[in-house]
Visitor: 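Attaching a single structure in structure tokens format; questions to follow.
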Amino acid sequence: MPDRGTRPLVVGSGIAGLYVALRCRELGLRPTIVTKARLEESNTRYAQGGIAAAIGPDDSPARHFADTVRAGAGLVDREAARVLTREAPARIADLVRYGVPFDTVEGQITLGREAAHSRSRLLHAGGDATGHSIEETLKQRLLDEGVEARERTALRALRPGGRDGLVAVLSVASGTGVEVEPARPVVLATGGIGSLYLQSSNPSVATGEGIAIAFRAGALVSDMEFVQFHPTAFYREGAPRFLITEAMRGEGAVLRNEDGVRFMVGQHPDAELAPRDVVARAIWREVQRSTHPWVYLDATGLPRDRLFARFPSVSNFLLAHGVDPSREMIPVTPVAHYMIGGVSTDLEGRSSVQGLFAVGEAAATGVHGANRLGSNSLVEGLVFGERAARRLRSPAAGGPVPPARVLAIPPPQGLGGREQRSEVSGIRTSLWEEVGIVRSATTLRSALARFEEIGRRTEPARSDGLPGPVANAALTASLVARAALERTESRGVHYRSDYPRPRPVWRRHLGLKLGRTPGRGR
Ligand SMILES: Cc1cc2nc3c(=O)[nH]c(=O)nc-3n(C[C@H](O)[C@H](O)[C@H](O)COP(=O)(O)OP(=O)(O)OC[C@H]3O[C@@H](n4cnc5c(N)ncnc54)[C@H](O)[C@@H]3O)c2cc1C
């Protein structure tokens, strides 16, 4: 018997990677984790709001399902949403078993509520430190279980000799050069692409390398045009774009422009509590006519003790950066926040390349449609992570059904030129300004030309060469721009000023793949 499935290589150590590795271990496999920074560094660590599951007495998976489908602007894969919402409570029980200290009152887990959820169903830990708490607990458990973890940046996956089910990862360890992992099943749990955008809530590790790795290996990627922007992150030159949760607006904080005017009133019946994409676009428009790239979130009307008790992490971060939110207005900007698209997978994490799996934010199951329901992403990593771990235990061929439209993209070719890290800042600016909250054919074509030009210089000259981080960033950015250019409508988080409305012809997913591939309907 070949050694298939027994030694999976998990790339990434956020909720999805840590959970898959732990479950693989519990199921008798011998997983290894490689991750490009400290084990705990990830988007997961910064999640504030909570993790969604229908565990309340007045709630049910059916209600959670209905809310997820409603948020997704006509594109949610219903089976994926059914699986997510039905299996979420069992995965929360796993987190409790691992020791995640969810907040309780008199022994009962307390549940918060967020926009577009019809019931209170957000579990949180340490108030607004939910992600930190989950990450630390899973990390400790992983170390206790003795799972091997190495600091490596994966840059490429190859199938030696084209053999099925075996994927080798080439990675770089700082200072020691390239390593080749022995061929074995690979699980990409590499998270999103947020930090490729100039303004982003994501830490610097979120560069979408997993998507580039899968695409180069021949895997289908989909929904790349759907990048969710969060309306409010702290803006100060040199400071991180720390997210200011919308729960603060829920408590009564309001948005003001540089003249002190509440600009959301009259734009939407829910004013500051309008959907994220509506608020983000309104701020974008204000910034275009403003003398500086931010607007203000005014929480000075809230009692100081309530503000600090309800939002300890946010309030302490602001104080540390010289802003007392109970006395001064907070400068805020929208930021790239969550990547809905990614490596196309089935509901067990299998990509279209045998032996290559993807879970969490790096994957695209279709569960979020064109607009993610807040707090569904942490739980997504658990639900589909569990299914991937079980599939790794008893491998069988499978993979996603290709979407109705699949664009064939010629293999990237380049001169193998030396990479200048400074080129990443050009990619970040271009993504933000031209492939951002508001796009059009003109801006998208301009961005695509820039990304392709960077790719031509930096792509490896040989088809099995090792791309650097700039080549991978340019490739991922070009996939976002291509998909956004192709989708000639506005839907969910994708807004085109030249096609400002949804079009029935586009009520379908869009895939991208190397070469020429016929598509089947989904
Ligand atoms: C500020 C903020 C607040 C959020 N709040 C919430 C919330 O309240 N509720 C919710 O559900 N979601 C929230 N989200 C979204 C959620 O946190 C993420 O979608 C989720 O944590 C993704 O988990 P993941 O395991 O897929 O990826 P991540 O947690 O991002 O982990 C990815 C891992 O891959 C590693 N990696 C990346 N590339 C490579 C490479 N090439 N080689 C090796 N390793 C690599 C990274 O270092 C990292 O360890 C928030 C996100 C942010 C940024």
Side-chain angles (χ1 to χ4, degrees), residues 9-21 33-53 84 88 112 114 122-125 128-132 134-135 138-139 149-157 169-173 186-195 200-214 228 230 232-234 240-247 313-314 317 335-340 342-343 358-363 368 372-382 384-385 467-469 472-473 476:
L9 182 76
V10 180
V11 186
S13 55
I15 190 169
L18 292 178
Y19 183 79
V20 169
I33 281 199
V34 290
T35 191
K36 78 181 190 189
R38 284 175 304 135
L39 198 51
E40 64 273 20
E41 189 55 337
S42 56
N43 273 358
T44 300
R45 185 177 178 75
Y46 301 93
Q48 296 175 356
I51 179 165
L84 180 85
E114 209 173 52
L122 309 189
L123 294 91
H124 42 90
D128 55 6
T130 310
H132 183 268
I134 293 174
E135 182 74 19
L138 294 182
K139 178 184 105 177
R150 282 185 260 144
E151 200 176 306
R152 301 285 184 274
T153 301
L155 291 172
R156 176 142 214 180
V169 164
L170 301 172
S171 64
V172 185
V186 170
V187 183
L188 295 169
T190 43
I193 70 161
S195 83
S200 168
S201 64
N202 294 189
S204 62
V205 290
T207 53
E209 266 151 6
I211 297 171
I213 289 170
Q228 188 173 53
H230 193 288
T232 51
F234 180 61
R241 297 286 171 266
F242 195 86
L243 207 69
I244 316 284
T245 166
E246 50 217 334
S313 303
V314 174
F317 172 89
V335 279
H337 185 54
Y338 179 84
M339 183 50 171
I340 289 175
V343 184
V359 288
E361 195 171 335
H368 305 300
R372 175 187 67 117
L373 181 66
S375 296
N376 262 357
S377 41
L378 289 172
V379 73
E380 162 191 30
L382 300 177
F384 297 107
N472 271 341
T476 305

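Note that this is a predicted model, so its numbers are computed, not measured. Whatever order the structure lists them in is the order used to number ligands and atoms, beginning at 1.
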Visitor: Tell me, which protein residue and heavy-atom name are nearest atom 48 (C) of ligand 1, and how many Å apart are they?
Guide: E41 O, 3.3 Å
Visitor: Of the side chain and backbone of R45, name the one, both, or neither that has a heavy atom under 4.0 Å from an atom of ligand 1.
Guide: neither
Visitor: Under the side chain to side chain donor-acceptor pair (under 3.5 Å) criterion, do S201 and H337 qualify, and how do the steps go?
Guide: CA-CA 5 Å; S201 64; H337 185 54; 2.7 Å; yes
Visitor: Evaluate side chain to side chain donor-acceptor pair (under 3.5 Å) for S377 paired with R372, printing each intermediate quantity in order.
Guide: CA-CA 8 Å; S377 41; R372 175 187 67 117; 2.5 Å; yes
Visitor: Checking side chain to side chain donor-acceptor pair (under 3.5 Å) for the pair Y338/H368: CA distance, chi angles, key distance, verdict?
Guide: CA-CA 11 Å; Y338 179 84; H368 305 300; 3.0 Å; yes
Visitor: Determine, using heavy atoms of E380 and all atoms of ligand 1, whether some pair is separated by less than 4.0 Å.
Guide: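 Not so, E380 does not reach ligand 1.
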Visitor: Can a non-hydrogen atom of E135 be found less than 4.0 Å from any atom of ligand 1?
Guide: no
Visitor: Just do the side chain to side chain donor-acceptor pair (under 3.5 Å) check on S313 and D128 with the steps written out, would you?
Guide: CA-CA 6 Å; S313 303; D128 55 6; 2.6 Å; yes
Visitor: Quick one: which ligand 1 atoms are inside 4.0 Å of a heavy atom on V205?
Guide: 37 (C), 46 (C), 47 (O)
Visitor: Is N202 near ligand 1, meaning one of its heavy atoms is under 4.0 Å from it?
Guide: yes
Visitor: How far is atom 37 (C) of ligand 1 from the closest protein heavy atom, and which atom is that?
Guide: T190 O, 3.3 Å
Visitor: Between T207 and K36, do the side chains contain a donor N or O and an acceptor N or O under 3.5 Å apart?
Guide: yes
Visitor: Only heavy atoms of V11, strictly under 4.0 Å: list the atoms of ligand 1 that pass.
Guide: 42 (N), 43 (C), 44 (N)
Visitor: List every atom of ligand 1 that sits less than 4.0 Å from any heavy atom of S377, numbering the atoms from 1 in the order shown and giving each element.
Guide: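 With S377 as reference, the close atoms of ligand 1 come out as 10 (C), 11 (O), 12 (N), 13 (C), 15 (C), 16 (C), 19 (O).
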Visitor: Quick one: which ligand 1 atoms are inside 4.0 Å of a heavy atom on Y338?
Guide: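 Here the atoms of ligand 1 in question are 19 (O).
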Visitor: Please verify the inter-ring angle class for F317 with F242; under 30° counts as parallel, over 60° as perpendicular, anything in between as tilted.
Guide: parallel
Visitor: So which protein heavy atom does atom 28 (P) of ligand 1 come closest to, and at what separation?
Guide: N43 N, 3.6 Å
Visitor: Can you confirm whether the side chains of E135 and Y46 place a donor and an acceptor under 3.5 Å from each other?
Guide: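 There is no such pair between these side chains.
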Visitor: Can you list the atoms of ligand 1 that are under 4.0 Å from a heavy atom of A16?
Guide: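 By the 4.0 Å cutoff, the relevant atoms are 25 (O), 26 (O).
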Visitor: So for R372, does at least one of its heavy atoms come nearer than 4.0 angstrom to any atom of ligand 1?
Guide: yes
Visitor: Please work out, at 4.0 Å between heavy atoms, whether the side chain, the backbone, both, or neither of A189 comes within that distance of ligand 1.
Guide: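 For A189, only backbone atoms sit under 4.0 Å from ligand 1.
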Visitor: Which residue owns the protein heavy atom closest to atom 29 (O) of ligand 1, what's the atom, and how far is it?
Guide: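 Minimum-distance protein heavy atom for atom 29 (O) of ligand 1 reads T44 OG1, 2.5 Å.
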Visitor: If you look at every heavy atom in G385 and V20, which pair is closest and at what distance?
Guide: CA-CG2, 3.5 Å
Visitor: Out of all atoms in ligand 1, which are within 4.0 Å of some heavy atom of S375? Include the element for each.
Guide: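 Here the atoms of ligand 1 in question are 9 (N), 10 (C), 11 (O).
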Visitor: Starting from atom 51 (C) of ligand 1, locate the nearest protein heavy atom and write down its residue, its atom name and how far away it is, to 0.1 Å.
Guide: H337 CE1, 3.5 Å
Visitor: Would you say the side-chain atoms of H124 and T130 include a donor-acceptor pair closer than 3.5 Å?
Guide: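 Distance-only check fails for H124 and T130.
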Visitor: Does G381 reach ligand 1, in the sense of a heavy atom lying below 4.0 Å from it?
Guide: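 So G381 does not count as touching ligand 1.
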Visitor: If we ignore angles and hydrogens, is there a donor and acceptor under 3.5 Å between the side chains of E114 and S375?
Guide: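 Judged by distance alone, the side chains do pair up.
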Visitor: I'd like to know if A206 contacts ligand 1, where contact means a heavy-atom distance under 4.0 Å to any ligand atom.
Guide: no
Visitor: Measure the distances from the heavy atoms of G210 to every atom of ligand 1 and state whether one is below 4.0 angstrom.
Guide: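 Contact absent.
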Visitor: Distance under 4.0 Å to a non-hydrogen atom of G360: what atoms of ligand 1 satisfy this?
Guide: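 Those of ligand 1 that fall under 4.0 Å from G360 are 26 (O).
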Visitor: Testing the basics here: between A336 and G194, what is the closest heavy-atom pair and its distance to 0.1 Å?
Guide: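 Answer, listing the atom of A336 first, then G194: CB-O, 4.1 Å.
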Visitor: Do the side chain of T35 and the main chain of G12 share a donor and acceptor less than 3.5 angstrom apart?
Guide: no
Visitor: Considering only non-hydrogen protein atoms, determine which one is nearest to atom 22 (C) of ligand 1 and report residue, atom name and distance to 0.1 Å.
Guide: E361 OE1, 3.6 Å
Visitor: Shortest non-hydrogen contact from A362 to I211?
Guide: O-CG1, 4.2 Å
Visitor: Give the numbers and elements of all ligand 1 atoms closer than 4.0 Å to a heavy atom of A154.
Guide: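 In order of numbering, the contacting atoms are 40 (C), 41 (N), 42 (N), 43 (C).
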Visitor: Got the closest protein heavy atom to atom 4 (C) of ligand 1, with its distance?
Guide: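 Nearest protein contact, heavy atoms only, for atom 4 (C) of ligand 1 is A47 CA, 3.3 Å.
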Visitor: Can you see which heavy atom on N472 is nearest to which on P467, and at what distance?
Guide: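 What the structure gives for the nearest pair is OD1-CG, 3.7 Å.
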Visitor: Please confirm whether G131 comes under 4.0 Å of ligand 1, counting heavy atoms of the residue only.
Guide: no
Visitor: For atom 9 (N) of ligand 1, what's the nearest protein heavy-atom neighbour? Residue, atom name and distance, please.
Guide: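 For atom 9 (N) of ligand 1, the nearest protein heavy atom comes out as G50 O, 2.7 Å.
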Visitor: Within the structure, does L243 bring an N/O atom to less than 3.5 angstrom of an N/O atom in ligand 1?
Guide: no
Visitor: Donor-acceptor pair, distance only, cut-off 3.5 Å: does the side chain of S195 make one with the backbone of A206?
Guide: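 Yes, S195 side chain to A206 backbone: donor-acceptor pair under 3.5 Å.
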